[in-house]
Q: 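Encoded as structure tokens, here's the structure I'll be asking about.
Start at 1 and go down the list; that is how both ligands and their atoms are numbered.
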Amino acid sequence: MIQGVEFYDSEDILEVYSEDASRWYKVKPKGVFFPRSTEEVLKIVQFCCSRGVSLTPRGGGSGLTGGAVPEKDGFVISLEKMDKFSFQDGIVVSEAGAISGSIERKINSLGFTLPAQPSSLNFSTIGGNVAANSAGLRSIKYGSMSDYILAVEVVLPTGKIIEFHGEDARIFAGSEGILGIIASVRFKVVKKKNRVVYTIFLSSPDQILEIFNVFRPFNPSAFEVLDDISSYIAFGVNRFSLILEFEEDYNGIFAEVKSLMNILSESFRFDFAIIPDTWERRKRLGPALSKFKPFKINEDVVIPISLFSSYLRFIESLRKKIDCISFGHLGVGILHTNIMFGGGEEETAFDVKRELFDFIVSIGGSITGEHGVGIDKLQFVKNELGDDSVYFVSTIKSFFDPQNILNPGKVPRVSFGCVDTLDPRFQKV
Ligand SMILES: Cc1cc2nc3c(=O)[nH]c(=O)nc-3n(C[C@H](O)[C@H](O)[C@H](O)COP(=O)(O)OP(=O)(O)OC[C@H]3O[C@@H](n4cnc5c(N)ncnc54)[C@H](O)[C@@H]3O)c2cc1C
């Protein structure tokens, strides 16, 4: 289709690139491009712009909001073959399609680690992590991807290759493929420290905030919460649990934490253990839920941590209508509440999702902490952000992409001065 650029339009390829890991949305593209260099990305962008056809960037396709699902009759550009990276002096320079887990393994062997790594590390790309501004298990200490970006090389829909630096580069963190195609990224990583991971099995979830406040001064690198069901799936214990990780920031910290853990276990009457494969169990949790019910809606809502008890009470009220399983990065307020359902429960499930989002907005939280908006949350963002912010986002989009070529249908639309956030091209399959 374009001289020298790999391209496929066979049915099996179109099928694979028609959906992401959410599996809620499915649109077959017209074809899929696999560039091997920034110059090839530019050729593809120019090709689409000159014909006025849409182009959806894709990394590992591990997104959970339909963000990499193309528009009907549009093309997909998969960055997966641009996967070269190098590492020097604590800085990684990587093409967008490198699998983040490959980078992690390489830098681990040199004593470094990716600070803001998602649980999908082994099947997501660094370009996707930037585009989604991924966060993860260690965000309580290390923040999100945007905190580490030094520069990005971007192919803009106006047909230019530009390298953005510092603050300018960070505008592409969380841009979800609507502003430009990230071709390569330069970012900082951190020294890997010794770690200790405790799993606490609580006698009551009411203790969580107090425990959080006691351990907060030790700068935990993870503070995860699992509700009774997820705790049962991960550890075989039907009680709320916490996973706390600490790094050896100074000599003696592990002994201090251990002695505090012993004291608190007496006063709060909890059990605790060091379980060697805790993180593997935690990372398997999301995929393992499919054994519980055939379908799930996996949310990533953000709550003010101080309102965790109210959140639990609210989830209890939802559980009377449908099964809900929650776990997540409580240290930064991000909770994955999974609405689980089987045949005949779909309508209730989507009503519950709406109810959940209304509640989240009412307590000053956010409907997405790390998965992004994609198609999935488009119709809900206005409720959280308000008309002015939505208008601002769509204005930025028009500035970067006046022809609306890149990943269309993922931005709230503005027409005749009104904001319309529901794009009819992407109804749920
Ligand atoms: C089991 C599981 C666990 C997960 N855990 C986490 C977690 O802990 N934290 C977290 O934040 N997320 C998590 N996710 C969600 C997802 O993995 C992340 O959002 C990830 O960063 C997406 O990367 P990707 O390469 O797969 O991107 P894709 O899914 O391919 O794309 C995601 C978005 O980025 C855009 N995009 C991709 N590449 C580019 C590029 N080069 N230029 C411009 N735009 C681009 C796409 O158009 C799309 O809008 C999880 C998903 C799964 C399935």
Q: Hey, is atom 22 (C) of ligand 1 under 4.0 Å from any protein heavy atom?
A: yes

Q: Are Glu80 and Thr125 close enough that a side-chain donor and a side-chain acceptor fall under 3.5 Å?
A: no

Q: Can you tell which part of Leu137 has a heavy atom less than 4.0 Å from ligand 1: side chain, backbone, both or neither?
A: neither

Q: Taking the ring centre of each residue, are Phe33 and Phe7 less than 6.0 Å apart?
A: yes

Q: Please walk me through it: do Lys410 and Glu176 pass salt bridge (charged side-chain N to carboxylate O under 4.0 Å, His left out)?
A: CA-CA 8 Å; Lys410 316 288 169 55; Glu176 299 191 32; over 6 Å; no

Q: Tell me, do Asp300 and Thr337 make a side-chain contact under 4.5 Å, heavy atoms counted?
A: no

Q: Taking only heavy atoms of Ala68, which atoms of ligand 1 are found under 4.0 Å from at least one of them?
A: 30 (O), 31 (O), 48 (C)

Q: As an exercise, identify every atom of ligand 1 less than 4.0 angstrom from a heavy atom of Ala96.
A: 41 (N)

Q: Does the N or O separation between Phe123 and ligand 1 drop below 3.5 Å for any pair?
A: no

Q: If you scan the protein for heavy atoms around atom 45 (C) of ligand 1, do you find one that is closer than 4.0 Å?
A: yes

Q: Please report whether the ring centroid of Phe87 lies less than 6.0 Å from that of Phe112.
A: yes

Q: Touching ligand 1 at all, Asp20? Heavy atoms, strictly under 4.0 Å?
A: no

Q: For a quick test of reading the model, state the closest non-hydrogen atom pair linking Ser146 to Asn133 and the distance between them.
A: N-OD1, 2.9 Å

Q: Is the gap between the ring centers of Tyr17 and Tyr8 under 6.0 Å?
A: no

Q: Is there any N or O on Ser124 that sits under 3.5 Å from an N or O of ligand 1?
A: no

Q: Measure from the ring center of Phe201 to the ring center of Phe272 and say whether it is less than 6.0 Å.
A: no

Q: With nothing but distance in play, are any N or O atoms of Pro118 less than 3.5 Å from an N or O of ligand 1?
A: no

Q: Is there any N or O on Asn407 that sits under 3.5 Å from an N or O of ligand 1?
A: yes

Q: Of the backbone atoms (N, CA, C, O) and the side-chain heavy atoms from C-beta on, which set of Ala132 has a member under 4.0 Å from an atom of ligand 1: side chain, backbone, both, or neither?
A: side chain

Q: Check each heavy atom of Asp300 against ligand 1 and say whether those closer than 4.0 Å belong to the side chain, the backbone, both or neither.
A: neither

Q: Report yes or no: does Gly286 have a heavy atom closer than 4.0 Å to ligand 1?
A: no

Q: Of the listed options (Pro287, Gly127, Gly180), which comes nearest to atom 43 (C) of ligand 1 when hydrogens are ignored and any heavy atom counts?
A: Gly180

Q: Mind checking whether Leu79 contacts ligand 1 via backbone (N, CA, C, O), side chain (CB onward), both or neither, at a 4.0 Å heavy-atom cut-off?
A: side chain

Q: If you measure every N or O of Gly67 against every N or O of ligand 1, does any of those distances drop under 3.5 Å?
A: yes

Q: Contact between ligand 1 and Gly97 is defined here as a heavy atom of the residue under 4.0 Å from a ligand atom; is it met?
A: no

Q: Just which atoms of ligand 1 are under 4.0 Å from any heavy atom in Thr125?
A: 24 (P), 25 (O)

Q: Which part of Ala135 is near ligand 1, with near meaning a heavy atom under 4.0 Å away: side chain, backbone, both or neither?
A: backbone

